[in-house]
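When a ligand or atom number is given, it counts from 1 through the structure's own listing order. Side-chain atoms are counted along with the backbone in the values below, which use heavy atoms only and exclude waters and symmetry mates.
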Amino acid sequence: MKPKHFGRLVLFLLLFTMVLSQFFYNCVVAEAQTITLTVSHVLGTTHPYQPGFEKMAEIVEARTNGEIKFKIFHSASLAEEEEAIEALQMGTIDITTVSAAPLTGFVKEYMACDFPFMFSSPQEAFNFYDGEIGDILLEKTTPIGLIGLCWWENGFRNLTNSIRPIISPEDMKGLKIRTMNSPVHMASVRALGASAVPIAFGELYSALQQGVVDGQENPVANIHAMRFYEVQKYLTLTRHFHDPSPTFISAKTWNKLSEEQRKIIKEASIEARDYMRQLGIDQEDSLIEDLKKNGMEVIDLTPEQLDAFKEATKNVWKDFEDKIGKDFLDKFLNALP
Ligand code: EAX
């Protein structure tokens, strides 16, 4: 080979090696800078929680130019709600959305969210939790290691059972009704004449299937997503509890993020909130029709029939004034619509 050709070959190989090493360096650095946030929730993929987190992930990844990605675990595959709260405290899970009930063991003021018959429409509930009271409650979780992003939505809870159609509180007598581990929910179910049996959400289907409990209460989206229609005959649209689902990020995670990344995550959680709330509202009627197609007898109460349930539970809140704290409870009740 002539010397000048050899020289050109060496130069080419040198340049090629430099380009290749720069490429691999960029890949390694880029990978090293990519943050993957672990997200946990307990509902199935057809429930608004899942598309809500997918929407949030899409926004965050786009606005951080791929720096932050989500890995979403649904159907309690990673943790039940209380476990997810503890995991956020430890920083082993980064983000979750949970009902108010599992928070009551960590921050007592969340018990107020579980009182029966507080709201008559989704918008009333949204206005309430997106206002001062919602901000106060989210602030109260900071000391336990959870940063409150905003209030997502689980929906209005309804009664199902496999024994009889429930038209009045009389029909509740003798029934074993599964509740969340919520002292207020349990007291309300007992005030209606049934016995309240707290069971973890992930174990509820088999508990219903085996007859450990006769019934349960959940929003229509949850009843449908978890296929409870396979093990429950009757659905009464009581909408007795409204169930908000505050969304949190671990303080340990939050503290590692830049101001810009925090801003993006907060804004994305709010945009995803509005998206998933609307999804829940839009799908409710069609889900009820699908529950009927799957064999459920759906009872829609008259206003007079519903009044009997309201009357039976109207004093539940009094048993919790001391537990929650009178000052906060007065503020909470005075802010209701
Ligand atoms: O928060 O446990 C329940 O019945 C809740 O609706 C569910 O965990 C979603």
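Pairs engaging residues 328-337 under the side chain to side chain donor-acceptor pair (under 3.5 Å) rule: Glu132-Lys331, Lys326-Asp330 [sequence neighbours left out]. Sorted pairs that involve residues 247-256 and meet salt bridge (Lys or Arg N to Asp or Glu O under 4.0 Å), not counting sequence neighbours, are lacking altogether.
Listed by number with element, the atoms of ligand 1 under 4.0 angstrom from any heavy atom of Ser99 are 1 (O), 5 (C), 9 (C). Shown in contact with Leu43 at under 4.0 Å from a heavy atom are these atoms of ligand 1, numbered in order with element: 9 (C). Each of the following atoms of ligand 1 lies closer than 4.0 Å to a heavy atom of Arg157: 3 (C), 4 (O), 5 (C), 6 (O). Taking every heavy atom of Met180 and a limit of under 4.0 angstrom, the matching atoms of ligand 1 come to 2 (O), 3 (C), 4 (O), 5 (C). Against a heavy-atom cut-off of under 4.0 Å, Val42 is close to the following atoms of ligand 1: 7 (C), 8 (O), 9 (C). Each of the following atoms of ligand 1 lies closer than 4.0 Å to a heavy atom of Glu81: 1 (O), 8 (O), 9 (C).
The nearest protein atom to atom 6 (O) of ligand 1, hydrogens excluded, is given as Asn218 OD1, 2.7 Å; this is a heavy-atom distance. Atom 2 (O) of ligand 1 has Arg178 NH2, 2.9 Å as its closest protein atom, hydrogens excluded (heavy atom only).
Salt bridge status for Asp243 with Arg157: present, with a side-chain N to carboxylate O gap under 4.0 Å. Ion pair Glu267/Lys263 flagged as a salt bridge, since at least one NZ, NE, NH1 or NH2 atom sits closer than 4.0 Å to an Asp/Glu carboxylate oxygen.
Aromatic ring centres of His240 and Phe309 lie farther apart than the 6.0 Å criterion allows.
For the pair Gln216 and ligand 1, no heavy-atom separation below 4.0 Å is found. Within the 4.0 Å heavy-atom cutoff, Val98 does not count among the residues contacting ligand 1. Assignment of Glu80 to the shell around ligand 1 is not supported, since no heavy atom sits closer than 4.0 Å.
At least one side-chain heavy atom of Phe156 sits less than 4.5 Å from a side-chain heavy atom of Pro122. Between Gln210 and Val231, the closest side-chain pair of non-hydrogen atoms is not below 4.5 Å.
Of all the heavy atoms of Tyr49, the ones lying under 4.0 Å from any atom of ligand 1 belong exclusively to the side chain.
Counting non-hydrogen atoms of neighbouring residues, nucleotides and ligands closer than 6.0 angstrom, the NZ atom of Lys71 reaches no more than 12 such neighbours.
Both tests pass for Arg277 against the ring of Phe126: distance under 6.0 Å to the centre and angle within 45° of the axis.
The shortest N or O to N or O distance between Glu217 and ligand 1 is not below 3.5 Å.
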